[in-house]
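Structure first, commentary second.
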Amino acid sequence: MNKKIEVLYEDNHFVAVNKAAGLLSQPNDGDTSESIADQVKEYIRKKYKKPGDVFLGTIHRLDRPVSGVLLFARTSKGLARMNELFKKREVDKTYWAIVKGIPGETEGQLTHFLLRNEKNKRTHAFNKQKNNALESVLDYKLLKVISKKSWLEVKPHTGRSHQIRAQLSAIGNPVVGDLKYDYNKANPDKSICLHARKLEFVHPIKKEKISITAPTPKLPIWLELKKDY
C-alpha cells in the first residue's frame, strides 16, 4: 500500500487529504483495490500509535478518476456534525475542471435534472423534469483558454452523483479524459481533469472558519494551464 498521502488539514476530529486520481475514496465491495480511506487509517494508526482498528468516518466521496480535497472524520462526533453541515449545504465546494471547447458564456449557472442509470453507472442530464430526475445546480466561471480547451472554476450547489461531469457534458464541454461522459480520448494515467480544489466551512466543533485547498496534479496539462495565472 502506498503510504505517501498528502495531508492538507488535521485536528482531533478531522483529517483532509489530497486524493490522487485513480484511488477509491473508500473500500468497495467486490473491488480489492486500495482506497485512500485505507491509507488514511494506516497513517493515523502509525502517527498516534493506535492499537487495533482505527475509526475513520466517510463524510463525502470523490469519483475514482477525480483528484482533490477529501475530508474524513476521526471521531463519531465530528462525523455526525459534518454530515449535518453537508446535509444543510453549509459546505462551500470549489472544483477546477479542464473541458473540451469553450462555453457559450464566460460564466453562468447550469440547472439540469439528473437521472442515474445504475446498470452502466452513468448519470443522464435533462433540461426538464423527467421521471424521478433530481434538480441539480452548479455555477461555473471561465478562468483561461488554451489549445481549444477551457479551465473552469465550478461550484456545485447540489451533490448528485457525477453531477459536474454530466452537466458539463450536457452543454457540450465534457471534462478532458472523461470517456464515460463523451470526451473522445483517455488521459494517459486514466484520470479525468476534474479536481476538488477547495472545501470551506465553519468547523462544527471549534466554530472557526476552515478553508482547505488541494494542489493540482502534476500533469503537463495542469502545469500548462496554470502558467502566468
Side-chain angles (χ1 to χ4, degrees), residues 1-28 33-50 53-97 138-139 152-165 175 189 191-219 222 226:
M1 182 181 291
N2 177 16
K3 306 292 195 307
K4 295 180 181 178
I5 61 174
E6 184 178 359
V7 177
L8 304 172
Y9 174 85
E10 184 177 359
D11 63 21
N12 291 337
H13 294 281
F14 303 105
V15 57
V17 297
N18 190 3
K19 185 185 93 67
L23 282 174
L24 292 169
S25 290
Q26 63 178 11
N28 187 8
S33 304
E34 68 177 0
S35 72
I36 189 68
D38 292 326
Q39 293 184 4
V40 174
K41 276 189 175 185
E42 181 70 4
Y43 161 80
I44 292 172
R45 186 183 69 79
K46 286 193 170 183
K47 181 175 180 179
Y48 299 101
K49 298 179 173 59
K50 287 183 173 289
D53 194 26
V54 172
F55 176 87
L56 191 73
T58 300
I59 298 167
H60 63 126
R61 298 170 182 82
L62 296 177
D63 297 339
R64 187 169 192 159
V66 176
S67 59
V69 181
L70 192 58
L71 182 67
F72 293 99
R74 292 186 54 205
T75 63
S76 57
K77 180 179 180 179
L79 178 61
R81 297 281 182 91
M82 278 305 304
N83 281 342
E84 191 65 20
L85 289 189
F86 270 84
K87 184 178 179 181
K88 292 179 177 179
R89 298 180 184 174
E90 294 179 359
V91 178
D92 187 20
K93 296 171 284 186
T94 301
Y95 287 76
W96 280 354
L138 63 78
D139 293 331
L152 305 180
E153 180 178 89
V154 181
K155 290 181 174 287
H157 296 292
T158 45
R160 316 301 185 198
S161 177
H162 292 190
Q163 176 180 340
I164 296 173
R165 299 164 66 182
V175 175
D189 64 353
S191 69
I192 64 174
C193 293
L194 180 60
H195 180 71
R197 174 64 173 172
K198 186 183 295 185
L199 275 184
E200 294 178 297
F201 55 91
V202 175
H203 196 293
I205 297 164
K206 296 180 179 179
K207 305 304 180 184
E208 302 170 350
K209 180 67 179 292
I210 302 295
S211 180
I212 307 170
T213 301
T216 53
K218 293 178 174 62
L219 297 177
W222 284 109
K226 290 178 69 180

To the nearest 0.5 Å, how far apart are [atom1] in [X] and [atom2] in [Y]?
{"X": "Ser25", "Y": "Leu70", "atom1": "OG", "atom2": "CG", "answer": "5.0 Å"}
{"X": "Ile59", "Y": "Leu71", "atom1": "CD1", "atom2": "CG", "answer": "4.0 Å"}
{"X": "Phe14", "Y": "Ile205", "atom1": "CZ", "atom2": "CD1", "answer": "5.0 Å"}
{"X": "Leu24", "Y": "Lys19", "atom1": "CG", "atom2": "NZ", "answer": "7.5 Å"}
{"X": "Phe72", "Y": "Tyr43", "atom1": "CZ", "atom2": "OH", "answer": "13.0 Å"}
{"X": "Ile210", "Y": "Leu199", "atom1": "CD1", "atom2": "CG", "answer": "11.0 Å"}

Taking [X] for its side chain and [Y] for its backbone only, find out whether a donor-acceptor pair lies under 3.5 Å.
{"X": "Asp38", "Y": "Pro27", "answer": "no"}
{"X": "Arg64", "Y": "Gly22", "answer": "yes"}
{"X": "Lys198", "Y": "Ser211", "answer": "no"}

task = Give me the ring orientation class for His195 and Trp96: parallel if the planes are under 30° apart, tilted from 30 to 60°, perpendicular past 60°.
result =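 Because their plane-to-plane angle lies in the 30° to 60° range, the rings of His195 and Trp96 count as tilted.
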request  = Apply side-chain contact (heavy atoms from CB on, under 4.5 Å) to the pair Asp53 and Lys41, showing each step before the final yes or no.
outcome  = CA-CA 8 Å; Asp53 194 26; Lys41 276 189 175 185; 3.8 Å; yes
N/O donor to acceptor pairs below 3.5 angstrom from side-chain atoms of residues 78-95, sequence neighbours left out:
from	atom 1	to	atom 2	distance (Å)
Arg81	NH1	Pro204	O	3.1
Asn83	ND2	Leu79	O	3.3
Thr94	OG1	Lys155	NZ	2.6

query = How would you list, by chain and number, every residue that makes a salt bridge (charged side-chain N to carboxylate O under 4.0 Å, His left out) with Lys206, sequence neighbours excluded?
reply =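 Checked Lys206 against salt bridge (charged side-chain N to carboxylate O under 4.0 Å, His left out); matches are Asp11.
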ask   = Could you walk me through whether Ile44 and Phe55 pass the side-chain contact (heavy atoms from CB on, under 4.5 Å) check?
value = CA-CA 9 Å; Ile44 292 172; Phe55 176 87; over 6 Å; no
